[in-house]
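Letters A, B, ... mirror the listed sequences (proteins, then strands); counts begin at 1.
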Number of protein chains: 2
Amino acid sequence: MATMQQVADRAGVSIATVSFVVNGTKYVTPATTARVEAAMRELKFRGNLVARALASRRTRIIALLFPTVGNRFSPTTSEFFMSAAERASQRGYHLVLWPVDPAGEDLDDLVSGGLVDGVVLMEVRMDDPRVRKLSELDVPFTLIGRTRDSSDLPFVDIDFETTIEDSLDHLQGLGHRRFGLVLENLEGTPMAGYAPHLRVEDTFRRSVAARGAVGTVVYAGAGSEGGREAARALLDADPEVSGVLVMKDDSSAGLLVGLSAAGRRVPDDVSVLSIASSGTAGDQHHPRLTTMVAPGRELGERAADALIDQLDGASEGKPHFLLPCVLRPAESVAAAPTGATA
Amino acid sequence: MATMQQVADRAGVSIATVSFVVNGTKYVTPATTARVEAAMRELKFRGNLVARALASRRTRIIALLFPTVGNRFSPTTSEFFMSAAERASQRGYHLVLWPVDPAGEDLDDLVSGGLVDGVVLMEVRMDDPRVRKLSELDVPFTLIGRTRDSSDLPFVDIDFETTIEDSLDHLQGLGHRRFGLVLENLEGTPMAGYAPHLRVEDTFRRSVAARGAVGTVVYAGAGSEGGREAARALLDADPEVSGVLVMKDDSSAGLLVGLSAAGRRVPDDVSVLSIASSGTAGDQHHPRLTTMVAPGRELGERAADALIDQLDGASEGKPHFLLPCVLRPAESVAAAPTGATA
DNA sequence: CTGAAAGCGCTAACAA
DNA sequence: TTGTTAGCGCTTTCAG
């Protein structure tokens, strides 16, 4: 790997000049610029990012922190990652997915090591220990999600409050008055206190009460089995429940089965709405599930922007960005092509 | 952030001594070791990883490359990532998921920049351009997957050949003689040439022929819709097909629906086997799908080990590690707990 | 407009 | 057993 000094020698200039043309830091005459560029090309000069990072005290790498345990790499998570990475790349940064202990114990080395310029957190819990750590460490960061009180933190998040209101509006518009909510039970796991669950449950209870309606909350176990049991538990608690929200993709199939096992036809007798999920998740079912689709890509981009603005000193205050899920009815999808061969 | 020099001053030793105790590079008397450690503690010394990397010419970071487009972040992918990261961490490395262009165009900066010591590739295609690039760049790497000819490359992979044989054995044991295979069609996408598909299809055709049986291959479109159409196409081509392999999680639900819509009962009339999938994917269905579960965690660990052995100079040749998927019957799962609240 | 030179914080010979 | 010191490859004043 050619070094900058070698390029300088070859071009007959000083290393500083090479640095200037590489970074566009200072004006260099077209003539010398050309010579330098030729030399770079001939030597296949790439530049040592580590050296640059040491000298400039920035790596232009940002880390998206992903909990090493209790992980749920959903399609939406993947959208966050891909879209944030893309945005970062457009703005001259690399974004990588970095596995860290959810308790934040290993955050120190990552960050104090100077390996990353900033960090975006996801899978945020109400009282997320990583937030404290990061603040102490004094590293720029942004959340995808919110802690209990995020007013002085930069964040982007799904607007769960609006999402739930919209969901209930939708079901109510369909004539339903008795609602159910199926959630995952994270108590006792490292992801206990997962903010989306708590916000959704809270909003659900409050909104149902405000509507003078009936609401039942049920926690489902894993997989289809968990969904079937949830259906039973739901119907036990309220045999007349007819509008159901599910926030647990892997159990929704089971939920549907459980409902029909109990003699409820979907969507004739009971309506099921999958929330904060991805479009493709809803497409896996038949009939397709109506879904409140999470705005994963946009949130990922916003998160990257918020952090990079901060890093580049272009930030005006702490951005707070909330976007609700949008309703996607079961029908609004084009058929996909299928072909057969012998 | 305290520097090593500051620690040295405080401990009344030279910077070299501090370096020795930090890295365990040389013997230092317990007494001075203690003084140095005290100083480090008092100053909250963490060490600048960038500086260390520049001086030692290694970052102790390895990148798991993930295609920026055509991405399929399946549960198995996630297992690769998490288990490889864990293993790397045990061995003193950080593993991060790095999004790169599937054509390998942006590999240069990543690698020549000296930011990572090595690379593990996944989602490998038969003729993967990234492999060439990486070889040219002369960076240590390992594959999770195989190109067409990987004999001189270090790799770990699912043993698709054995997996398919085992699958057919299983179905044949159940009395089936007419087989079907449902795959995804990746032609025309950036993931065209995806090795697992090609290997599976090839092995399927050959093995079915060798068994003197009938085999039909069908390509499914996206989601449940794609699965239903695949069922139709399959039954059109061979109305008596009774043993079906699916390698497309998001369509398997649709496939089941399509089969029963055509009057086939599963598993009474036709058996369905999901291959190279994760256990949780099979659990989403009801009844649970019998699954050939991909050994994701073990492969991830092996891949990390193979690369790190190489980096640490502990490698003996090019490891070639193949592991088949293992059959997990639909019944072999314990029920998960479910609880209800008012 | 270009060059000299002083670091960035740490590693690893080589000395002592 | 510990210290001295020359880099690692690049950025960035400050002169000229």
Checking all strands, does Ser19(A) fall into the base, sugar-phosphate, or nothing category for heavy-atom contacts under 4.0 angstrom? base
Please determine if a side-chain N or O atom of Ser14(B) lies less than 4.0 Å away from the OP1 or OP2 oxygen of dT2(D). no
Taking only side-chain N and O atoms of Asn48(B), does any of them lie within less than 4.0 angstrom of OP1 or OP2 on dC8(C)? no
Check whether any side-chain nitrogen or oxygen of Thr32(B) sits under 4.0 Å from OP1 or OP2 of dT2(D), and answer yes or no. yes
Nearest-Å distance, OH (Tyr27(B)) to P (dG3(D))? 15 Å
Of Ala51(A) and Lys26(B), the one whose nearest nucleotide on DNA chain D sits closer to the 5' end is Lys26(B)
Can you check the Asp9(B) CG to dG3(D) P distance for me, whole Å? 11 Å
Within this structure, what is the CG-to-P distance between Leu115(B) and dG9(D), rounded to whole angstrom? 14 Å
Would you indicate what Gly114(B) reaches in the nucleic acid, counting non-hydrogen atoms under 4.0 angstrom: base, sugar-phosphate, or nothing? nothing
Less than 4.5 Å apart, side chain to side chain, heavy atoms only: is that true for Phe20(B) and Val13(B)? no
Rounded off to whole Å, could you give me the CD1-to-P distance for the Ile15(B) and dT2(D) pair? 16 Å
Would you please confirm or rule out a distance under 4.0 Å between OP1 or OP2 of dT11(C) and any side-chain N or O of Arg52(B)? yes
With a 4.0 Å cutoff (strictly under), does any side-chain N or O of Thr29(B) reach OP1 or OP2 of dT2(D)? yes
When you match Leu54(B) and Thr25(B) each to their closest nucleotide on DNA chain C, which lands nearer the 5' end? Leu54(B)
Rounded to the nearest angstrom, tell me the gap between atom CD in Gln5(A) and atom P in dA4(C). 10 Å
How many whole angstroms separate atom CZ of Arg57(B) from atom P of dG9(D)? 6 Å
Under 6.0 Å from the six-membered ring centre of Tyr194(B) and within 45° of its axis: does the NZ or CZ of Arg125(B) meet both? no
Any chance you could measure Phe80(B), atom CZ, to Leu95(B), atom CG, to the nearest 0.5 Å? 13.0 Å
Just checking Val13(A): base, sugar-phosphate only, or nothing, at a heavy-atom cut-off of under 4.0 Å? sugar-phosphate
Side chains of Val131(B) and Leu143(B), heavy atoms from C-beta outward: is any pair under 4.5 Å? yes
What is the distance, rounded to the nearest whole Å, between atom CD of Gln6(A) and atom C1' of dC10(D)? 13 Å
Distance (rounded to the nearest 0.5 Å) between Asp106(B) CG and Asp101(B) CG: 5.0 Å
Please tell me which of the listed nucleotides, dA4(C), dC10(D), dG9(C), lies nearest to the side chain of Ala16(A)? dA4(C)
What is the distance, rounded to the nearest whole Å, between atom CZ of Phe20(B) and atom C1' of dC14(C)? 10 Å
When you measure from the side-chain N and O atoms of Ser56(B) to the phosphate of dC8(D), is any distance below 4.0 Å, counting only OP1 and OP2? no
Any idea how Phe66(B) and Phe81(A) line up, ring-wise: parallel (<30°), tilted (30 to 60°), or perpendicular (>60°)? tilted
Taking the side chain of Val28(B) as heavy atoms from C-beta outward, which of dT11(C), dT2(D), dT11(D) is closest to it? dT2(D)
